[in-house]
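Counting convention: from 1, in listed order, for ligands and their atoms alike. Heavy atoms only: backbone and side chains are in, while hydrogens, waters and symmetry mates are out. Keep in mind that what you see is a predicted model, and the values were worked out from it rather than measured.
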Amino acid sequence: MKLLMIHAWNEEEMSYRGRFSGMLSYPSMTLAVLYSLVPKGIFECVDTIDENSARVDYDKTHYDLVMISFETSSAITAYKHCDAFRKRGSYVAVGGYHPTAMKEEALQHADTVIAGPAENSVPKFLHDFAEGHPGQYYRDYNVCMADHPIPAREITTKKHTLGIPAVIADRGCFNNCRYCSMRTMWKSDPRPVEGVIEEIKGLKSRLVIFYDPNFFGKREYALKLMRAMKPLKKLWACNATADFGYDEELMQTAYESGCRGVLIGLESMSSSSLGDAGKRFRQADKYKEIVDNIHAHGIAINGCFVLGFDSDTEEELRALPERVDSLGLDLCRFAVLTPYPGTRLYTDLDKSGRLITKQWDRYNQHNAVFTPANMTPERLNEIYREVWKRSFEWKRIFHRMRVSPWRHKFYIFILLGANVGFKFLGIDKKYKKR
Ligand code: SF4
């Protein structure tokens, strides 16, 4: 039997790529994890396609089984693949964030939905399939990350990415931000430190990126992991929350173990909007102090902001480039607030009739898909593009290079590349009013 695994990508999403977008991307772990879960001896051939770097050809080979993983913005593309492969006689199973939240919709295009974590469900489904009785729905809440297999990185491509390998120690987060879909998929369940260290030891690259949504969320675990990483002499980056900037021991240990960058969802410069977002840390007036504290430990910061909360006004959003300058961040990025199915935000906006479309390819963080409280969706789109454009004027990029704690290090070029990548992201040219 032949198996094909696809990580689907929305075609429009790909067109947002700019000339330097390889400086902004890391290899996808989805297929590497799924591949590592395929039991030996069932399939004579297992092919994979990451649409980030390769096209899907429906007729090249006949596959008995096609498995497709996708997020909301790629749902339309993924359903097109499902329909095409089923028409050609393949059995189709889907998984990932969107099918997890939209089971009934996904079952209109696929034979099986695998919701939530794949670790137990995928091998179970594959055995059932091989024995001729696959189920329609799989969801296992009892995944133990101690059994997490080492992802099959050999099948991933570095094309269109920075090529820095990614590692996951704990993919859950105990926070409950209103717009975040993390909780629909995973619970916090850190892997044993020894397993993570073994995996990192096997990586040739000196640079490593952690995909954990909140690396320091379980403080004692993070400290233990970082102390164990110190002898490996890797340089690494991760996602963090703003309160990291007030924890001296965490910042010091992070730097000593090789942490040189954190991505923080600062989300807004307004404390009321942080309240709308359901953030635990809501003191936007402390951001400058936090940035300075983290910088003092030699760690650079990518600060991410979301536009479109109910408390956001046009004036506040339009002032973002200047306010971000005043923080002294090393890199910044912006997104339009997007209510993904399965989140509290989606449920609230749907109930109140404020969603203006359920055309899933618009749910890509570049377009307003709901009516904001204080402006029209069109105005939010315009302001979003203006903020991107002004934030990546050359003078601002060079200012960021000058204030960065990386300014005398070789990896300042990664930061410069990322800033230039965002400058040419292509948001202006691809914006279409619908
Ligand atoms: S802190 Fe980040 S990962 Fe955690 S719930 Fe909020 S947005 Fe999601």
Is Arg400 positioned over the aromatic face of Phe392, cation under 6.0 angstrom from the ring centre and no more than 45 degrees off axis?
-> yes

Going by atom types only, do Glu105 and Trp360 share a side-chain donor-acceptor pair under 3.5 Å?
-> yes

Below 6.0 angstrom between ring centroids: does that apply to Phe244 and Phe215?
-> no

Identify whether NZ of Lys or CZ of Arg in Arg333 sits under 6.0 Å from the centre of the six-membered ring of Phe422 and within 45° of that ring's axis.
-> no

Taking the six-membered ring of Trp394 (Phe, Tyr or Trp), confirm whether the NZ or CZ of Lys423 is under 6.0 Å from its centre and within 45° of its axis.
-> yes

Would you please say whether a donor-acceptor pair under 3.5 Å links the side chains of Tyr411 and Arg260?
-> yes

With a cut-off of 2.8 Å, strictly less than, protein N/O/S atoms near atom 4 (Fe) of ligand 1 add up to 1

